[in-house]
Amino acid sequence: MANSFVLKGNIIYSVSLEELKEVVNGYIVVIDGKSEGVFTSLDEKYKALHLYDYKDALIVPGLIDLHIHAPQFGFRGMALDLELMEWLEKYTFPEEAKFSEIEYAEKAYSIFVDALRKSATTRLVVFASRHREATVLLMDKLERSGLISYVGKVNMDRLAPSPIKEESAEVSEKETRLWLDEIRGRYKNTKPILTPRFVPSVSDSLMGKLELIRDEYDLPVQSHLSENPNEIELVKELAPYSRFYGDAYNHFNLFGGNNNKCIMAHCVYSKEEEIALMAKNHVTVAHCPESNENLSSGLAPIRKFLDSSISVGLGSDIGAGTTESIFFALTEAIRVSKMYWRLVDDRYKPLSFKEAFFLATMGGGKFFGNVGSFMKGYDFDALVLSDENLPSPLELSPSERLERFCYLRGDEKGIKAKFVNGVKLF
Ligand code: GUN
Ligand code: FE
């Protein structure tokens, strides 16, 4: 059978927020790209399958990046001295404007996709720029990479000067439809996602048009929510009909609900009413801790979301985040949750390592289906990790080795193999 094989090694995976399983010298059986389960010994009936023996290495599910801006990859690690609105105006919008030139997009997106292919990320949800041609180019490259992604051509018809913003709501709508028609049926692993940039960038008229497109093309939606105090004040002015930020999306039915899939990035300042609507509408939170530190945005109340049964995954938020490493994001999520507990509200206890690992795998994976674990029936996404470059005098269990690997940035040298949906990328 195609995509059927066995992996041997030290296997670690989440089964819930509370439980991380580990099996020393175990086997994962993969049939037709899906996990059959994890075993301590190999049943006779699987012995004919090809065996990848990874010996003492660690085997974990692939990591999920729920929020990353592909056109911002070029200026990551720079220009982080401002808050959100000024950062967008001074650095981000001018950089994204360059993607009107396809030669620049070709160069920048080659670098981006190459880095993501080598990274710990197996699936990602991506903001492109507002440019149709460059967005299709990015999708072509992502499809060839073997990664699985949702990609959005950004909609933005206000706030910035032309030609950074789109000319009008009508032009934005037309370009979006042309984009969706052009890519229809073109990819196996690369899907479109509707991407109104955020309320300040999208007029009411355009929001209304996007709702119709979402229904016509049956698309998920991604955007930004309650990231920064100045942004939130602006949304109050621009959407006087809204009771809170998320209500401005909900006004146009672009905030989940009715089985419409929706990811909102950041949610740093989400309060009770907003959290209740997110829970009711099954909105997924993309938590981007490093970005929230770099832009002085704040400390997101992740424990509150988890207590409200809201799905939470992690995002690198390149270029407000500096690295595509979701291993780094998961350690940042722990640190930020400790600061929240210490500085904001000590009723909300910090995330543990196993909880943060769940967010990086199953938390984000849920957006893609049965993804992010090795339980039977899950799509087989996996990383084989070597910590040979991080010697220790201690006798360590697999989960201790994994924790150390995350904190010591073992992924810079230690990703030895990567599988996405049952396909070995390297
Ligand atoms: N809000 C609107 N656009 C952006 C963006 O590009 N990055 C971040 N962090 N927040 C945004
Ligand atoms: Fe973002």
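For this chain, numbers begin at 1 and follow the sequence in order. All ligand and atom numbering here is 1-based and tracks the order in the structure. Basis for what follows: all heavy atoms, side chains included, without hydrogens, waters or symmetry-related copies.
Taking the six-membered ring for Trp and thresholds of 30 and 60 degrees, Y241 and F252 have ring planes more than 60 degrees apart, a perpendicular arrangement.
With F198 as the partner, the side-chain contact (heavy atoms from CB on, under 4.5 Å) test is satisfied by one option alone out of L88, V235, L225: L88. With respect to V38, the side-chain contact (heavy atoms from CB on, under 4.5 Å) criterion is satisfied by exactly one of V23, I59, L7, I12: V23.
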Would you tabulate the side-chain donor-acceptor contacts of residues 414-426 under 3.5 Å, counting partners in other chains and residues two or more places apart, or write 'none'?
residue: K418; atom: NZ; partner: L116; partner atom: O; Å: 3.1
residue: K418; atom: NZ; partner: R117; partner atom: O; Å: 2.9
residue: K418; atom: NZ; partner: S119; partner atom: O; Å: 2.7
residue: K418; atom: NZ; partner: T121; partner atom: O; Å: 2.5
residue: K424; atom: NZ; partner: F426; partner atom: O; Å: 3.4

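Using a non-hydrogen distance threshold of 4.0 Å, H266 registers as a contact of ligand 1.
If you look at F75 and Y91, their ring centroids are not closer than 6.0 Å.
Summary of contacts: the protein heavy atom closest to atom 3 (N) of ligand 1 is R197 NE, 2.9 Å.
Here E290 pairs with N294, T322 under the side chain to side chain donor-acceptor pair (under 3.5 Å) rule; sequence neighbours left out. Considering only residues two or more places apart in sequence or on other chains, H67 meets the side chain to side chain donor-acceptor pair (under 3.5 Å) condition with H69, H224, D317.
Listed by number with element, the atoms of ligand 1 under 4.0 Å from a non-hydrogen atom of D317 are 8 (C), 9 (N). With ligand atoms numbered from 1 in the order given, ligand 1 contributes 1 (N), 2 (C) to contacts under 4.0 Å with heavy atoms of F198.
At least one N or O atom of E227 sits closer than 3.5 Å to an N or O atom of ligand 1. Looking at ligand 1, you won't find any N or O of E96 less than 3.5 Å from one of its N or O atoms.
Contacts between W87 and ligand 1 below 4.0 angstrom, taking non-hydrogen atoms only, involve the side chain exclusively.
Protein N/O/S atoms closer than 2.8 Å to the Fe ion (ligand 2): H67 NE2, H69 NE2, H224 NE2, D317 OD1.
If you take CZ on R123 and CZ on F367, they are separated by 12.5 Å, rounding to the nearest 0.5 Å.
Salt bridge present: D114 and K118 bring a charged side-chain N and a carboxylate O closer than 4.0 Å.
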